[in-house]
Every structure is written in C-alpha cells, then in structure tokens.
2 protein chains.
Amino acid sequence: MTTGNDEEKGKVLRGRAAAVGLNKNQVVAAAIAQIGEKGLAAFSLRELARKLGVSPAVIYWHVGGAKEDLYAEISASITGTLSEGLDADMPWDDRLRQVFLKYRELVHRHPAVAPLLGAQMKSNGVANLDWVETILSALHDGGYRGDALRPAFNALVGGLAGFVTMELAPPPVSKPDSEGETWQDLFAKRVAQTDPELYPLTAAALPEISNRIFVLRWQSGAEIPYNDSFELLLDLLVEGLKARAPAPPS
Amino acid sequence: MTTGNDEEKGKVLRGRAAAVGLNKNQVVAAAIAQIGEKGLAAFSLRELARKLGVSPAVIYWHVGGAKEDLYAEISASITGTLSEGLDADMPWDDRLRQVFLKYRELVHRHPAVAPLLGAQMKSNGVANLDWVETILSALHDGGYRGDALRPAFNALVGGLAGFVTMELAPPPVSKPDSEGETWQDLFAKRVAQTDPELYPLTAAALPEISNRIFVLRWQSGAEIPYNDSFELLLDLLVEGLKARAPAPPS
DNA sequence: ACCTGAACACCGTTCAAGT
DNA sequence: ACCTGAACACCGTTCAAGT
C-alpha cells in the first residue's frame, strides 16, 4: 500500500513538482468528477491525466499500483463520511433506518460510481469499520447476538446496498442505431407493446410500472429515483428483524 | 437490432463460411465460458476471437454493434430460462420464494457474469416479460393491486437480485505486491487486527463474521455462499408483504 | 451469408531519466 | 519527492475485400 504520498506535512515543493503540485486527494477528486461526466465505462486513466495536464505515469505515482487501486480510493473517499453525524441516541430500529437512508443519499450523490461500491469487492475495508460497528451495535441492542448477528447484518447490507446498486445501474452508452433511434427509444416502444393476451397483469399495470420498475425501465434511478420502494424495503427489513429478535432488546 | 443472424433455417453454408460455421449462440456461449475463466474485467473481444479461431470482426457480425450488445446477449441467455419449470399451483408466497430462489441458483451458476445482471441496465427486457408477469401475478394473488404493485415489486427485485449482485461481486485481480502478499492476505490480516477498544462489537464477533459478512470479507459469494442470509432476507420480505397486504388475498 | 486482413485511434502499465 | 517522455503490448471498432 505504498503510494508515495504520506499526507501533507508542510513539504517544500521544488522544481517542476512545485508547478504541478498534485496530491492523491486531487487525483481521486478529479477521477470522481470525470466518471460523473462521462460514465464509468468510458473512464480512462490517460484522459484523466490529460485533464490534469500531467503525464499518465503521475496517476500511478500518487495512487497505488493500478486502475483498480484508484477505484478502491474512490470508494473509500465516498464511503468515508458514512458514519459522520449519526444520532446515536435513538431506538435501535431508528438507528438502522438512519444508517441506510444515509447510505443511499451518499451514493445518490455520485450515481456513476455506484457499480464500484456494489459490484466490486475491493473497497478498502478499514475505512468502513465505523460503519460496521454502528450496524452491529444497533442489531445488538435489538437483541441480535452471536450466531444471529451475521445473517441479520448480511440481509440488511446485501438487501439495501444491493437495492441501491441496482437502482443506479448505469444505462448503456446511448448511440443511435441506423434508423437514428436510441436503445431507450426502442425499449420504451417494446414495453408499450406488451401483449395483453400473454401478459395480462403486466399490460394492465403499464401506466403504473412502465419505466418505474426494475426490469421494465429505460432510465436509471439517477433520473427516476425509487424512494418509496426503498423505504418499503427498509421498513420490511427493520420491522421484520424487530418482530423476530432472538433475545429481548437492551 | 439487426445482427445478420436470422435463426437457422437450413442454410447452405458455402466456402470459408462452411469451414468455420459459427452462429450467435456459439459466440455467446464461448464468451460466457471465457468470462468464467478469466473474469469479467479481463474479458476481451480479441481474445474471444482468437479462442474461436476467427477474425475479431466476426464477433461484430454475429452479435449486434458493440461489446455492450454482447453483454446484453449474455444476460438474456442466462435469464432466459428463469421462468421455466416453475410450479404455479402453490400459495402466492411460496411462488415468490420459488422464483427468487431459482434466480439466485441460476446466477450462482455463472458468478462471474453477475455484475452484468445487477449493475448494467441493458439486458434485453423482452426475454424477461414472463418473469415479470410471474412476480406480478403472485403479488396480485397476495392482495397487491394498482399503486401497491410497483413498490412491492421493486422492493423484492431490488432487494433480492441486489443481494445476489453484492454476494457475487468479483474480488480484485490478485497479483502479489512487492512483498509477495496478495490483497487477500493483507485484508485478512487487517480484519484480524480490529481494535477491540475502538470496535468492541466487531472485534468480539470476529469468529462469526470474519470473511463472512459483506464489508469484512476477502472472498466472494462464489467461494463462500450466503445461503442462510439470503433466505432470511427472502423470508423477511415475503412474510412482511404477507402481513401488510392492502387487499385480501385471492 | 459469412469471414479475412489491415487500419485507426485509443488504452493500461512500466521504466529510465530529469529536477 | 514528484514529474516527463517514450516504449510495450494490448485493446474496441470499422471497412473494404474475399468466397
């Protein structure tokens, strides 16, 4: 994990270094910005370097060894503030709600980065120990101890963080086809033409569900957020865990 | 969506074409195999072409326009069998369980492809209309109609499919660092050294949670599956939806 | 209809060399 | 300590041309 960048301690910058004067935080911030503009799929280290007015090798010097390490830094920088400003003086079930509502809010602030958090395993775990402890502590207060802690934790995190990952799954890079129609156009048409004979319930529910449920949509949660669906999920989980607590709450 | 390949209708293959004789299904199958071996991050169209003993351009001819279209074909080919062999003569809640247990089983058969299903929006929706109808129909029978259908559907699919996406999030491409240690080694050590002063609950629960909960693991669900956590989640959702059905079940 | 071969504009990553 | 510049081995995608 040697990145060469050991925090600012009033270093004297000399020569060319002084003129450029980049640090890891700036590289990470610029990367997040670029991903936000062009999307994760189109993100490139060389383009990032160009934007920073710097040689590609500089990225490698500031961040660890590879593109994947930059991704890990990005994840860490976003989840780093996850446990800040939480109110610990609430009933355990409300604390759980608070934690995951905040998680969703944070990720929604950087929707393009969501796949990194949800679909990649490397996201510097140390930064998240506070978060884990917070959740375990709420569960503990709710009566979950020993063996019961693990499945409860996983059901919550997997279900809720997983929801956000799917909600913010990026749409395809939209280039119009030969007839000038985008994938969005085509998909919207297909959904509208759902055969009522074959799929009676789907067809009947179209006004309510078209572009607003997971499989039948052509815009991501960054454009059409799933607030109430997430809150229902959160409610089902927290209330359910409350109802079947293996030990009396403390 | 012109792919040039309009299903086999007893075509007479001539010249070089006869010798190679590739079709879309074979390309997709080979791609799935290759992703399974080397991982999604390392997947390349050129390598796929080499493996098939064919020029790179051939992939473009059989599949639509770009790499993303191949991904969509892969997703479709995997989710295509999702609604096969389902037992429709069960209570609605058991039907829901069946659907999502099958979803997880299917994706676990191709863990490396999981990010496509969970973290990319383009996965040819038409193939999944059966699946959507199945879920809507179960919910309908459970008393969910009109407005209530959408959030219930989204909570289920987002929570459960999202869980599987996170469960199977791929680990980093493991190359040992300068001291010959992999990311897995380093991460395992860090977790083991969790400070009991700062994180008392986490430290105390380590034997139960180390490498077995979402944030504190270094192996994916492909190696260490989260069966009971998924079943807990499924149970909380289905039981919860049952308890708060807006209309009497039919 | 299906495939080749070459070409174009890009990548990620490494490394010796500069200040 | 921080950065440049060039080099290497790869990509995805397109297109004219072959059979």
Side-chain angles (χ1 to χ4, degrees), chain A residues 2-27 30-31 34-35 38-72 172-173 175 177-178, chain B residues 2-27 30-31 34-35 38-72 172-173 175 177-178:
Chain A
T2 330
T3 65
N5 179 27
D6 13 320
E7 315 309 312
E8 348 284 290
K9 28 183 167 183
K11 281 178 279 191
V12 182
L13 300 173
R14 287 156 310 186
R16 204 69 168 70
V20 175
L22 221 50
N23 63 34
K24 201 212 282 188
N25 292 337
Q26 295 176 51
V27 172
Q34 201 190 144
I35 293 173
K38 311 241 179 172
L40 188 61
F43 175 72
S44 113
L45 291 181
R46 289 187 103 103
E47 199 180 334
L48 175 62
R50 280 195 296 272
K51 195 157 199 166
L52 290 167
V54 113
S55 158
V58 172
I59 315 289
Y60 289 84
W61 196 90
H62 282 288
V63 175
K67 207 182 180 185
E68 220 172 16
D69 297 281
L70 176 55
Y71 285 157
V173 287
K175 38 175 181 180
D177 74 350
S178 46
Chain B
T2 330
T3 65
N5 179 28
D6 12 319
E7 317 307 312
E8 347 284 291
K9 28 181 169 183
K11 282 177 277 190
V12 181
L13 298 174
R14 288 155 312 186
R16 204 69 168 71
V20 176
L22 221 49
N23 63 34
K24 201 213 282 188
N25 290 338
Q26 296 176 50
V27 172
Q34 200 189 144
I35 292 174
K38 311 239 179 173
L40 188 61
F43 175 73
S44 113
L45 291 181
R46 289 187 102 104
E47 199 180 333
L48 175 62
R50 279 195 296 271
K51 195 156 199 167
L52 290 168
V54 114
S55 157
V58 172
I59 314 290
Y60 289 85
W61 196 90
H62 282 287
V63 175
K67 205 182 182 185
E68 219 172 17
D69 297 281
L70 176 53
Y71 285 157
V173 287
K175 41 174 181 183
D177 74 349
S178 46

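Everything quoted here is computed from the prediction, not taken from an experiment. In what follows, chains carry the letters A, B, and so on, assigned in the order in which the sequence lines appear, proteins first and then strands, with residues in each chain numbered from 1.
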### Query
With sequence neighbours excluded, what pairs up with A:K38 under the side-chain contact (heavy atoms from CB on, under 4.5 Å) test?
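Checked A:K38 against side-chain contact (heavy atoms from CB on, under 4.5 Å); matches are A:A42, A:E47.
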
### Query
Roughly how far, to the nearest 0.5 Å, is OG of B:S55 from CZ of B:R46?
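It is 8.5 Å, given to the nearest 0.5 Å.
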
### Separation of atom CD in A:Q26 from atom P in D:dC2, rounded to whole Å
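So the CD-P distance, A:Q26 to D:dC2, works out to 12 Å.
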
### Query
So, for B:P56 and B:A49, which heavy atoms are closest and what is the spacing to 0.1 Å?
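So the two residues come closest at CA-CB, 3.7 Å.
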
### Task
Give the rounded distance in Å between these two atoms: CG of A:L52 and P of D:dC2.
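Rounding to the nearest Å, CG of A:L52 and P of D:dC2 are 16 Å apart.
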
### Query
Side-chain N or O of A:H62 less than 4.0 angstrom from OP1 or OP2 on D:dC3?
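The answer is yes; a side-chain N or O of A:H62 sits under 4.0 Å from OP1 or OP2.
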
### Query
Out of curiosity, A:Y71 OH to A:L40 CG, how far, rounded to the nearest 0.5 Å?
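Spacing of OH (A:Y71) from CG (A:L40) equals 4.5 Å.
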
### Task
Rounded to the nearest angstrom, tell me the gap between atom CG in A:N23 and atom C1' in D:dA1.
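The answer, rounded to whole Å, is 13 Å.
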
### Task
Please report the C-alpha distance between A:V54 and A:W61 in whole Å, then the side-chain angles of each, then the deciding distance to 0.1 Å, and finally whether the side-chain contact (heavy atoms from CB on, under 4.5 Å) criterion is met.
CA-CA 12 Å; A:V54 113; A:W61 196 90; over 6 Å; no

### Query
Looking at A:I59, A:V58, A:V63, which one forms a side-chain contact (heavy atoms from CB on, under 4.5 Å) with A:L45?
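Running side-chain contact (heavy atoms from CB on, under 4.5 Å) over A:I59, A:V58, A:V63 with A:L45 returns exactly one hit, A:I59.
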
### Task
Indicate for each nucleotide in nucleotides 9-14 of chain D, in 5' to 3' sequence, whether protein heavy atoms under 4.0 Å reach the base (B), only the sugar-phosphate (S), or nothing (-).
--SBBB

### Message
Only pairs with both distances under 3.5 Å count, Watson-Crick or wobble alike; so what is the partner of C:dA9 in this structure?
### Response
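None - no nucleotide pairs with C:dA9, as no candidate has both distances under 3.5 Å.
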
### Query
Can you tell me the Watson-Crick or wobble partner of C:dT4, both distances under 3.5 angstrom?
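C:dT4 is paired with D:dA16.
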
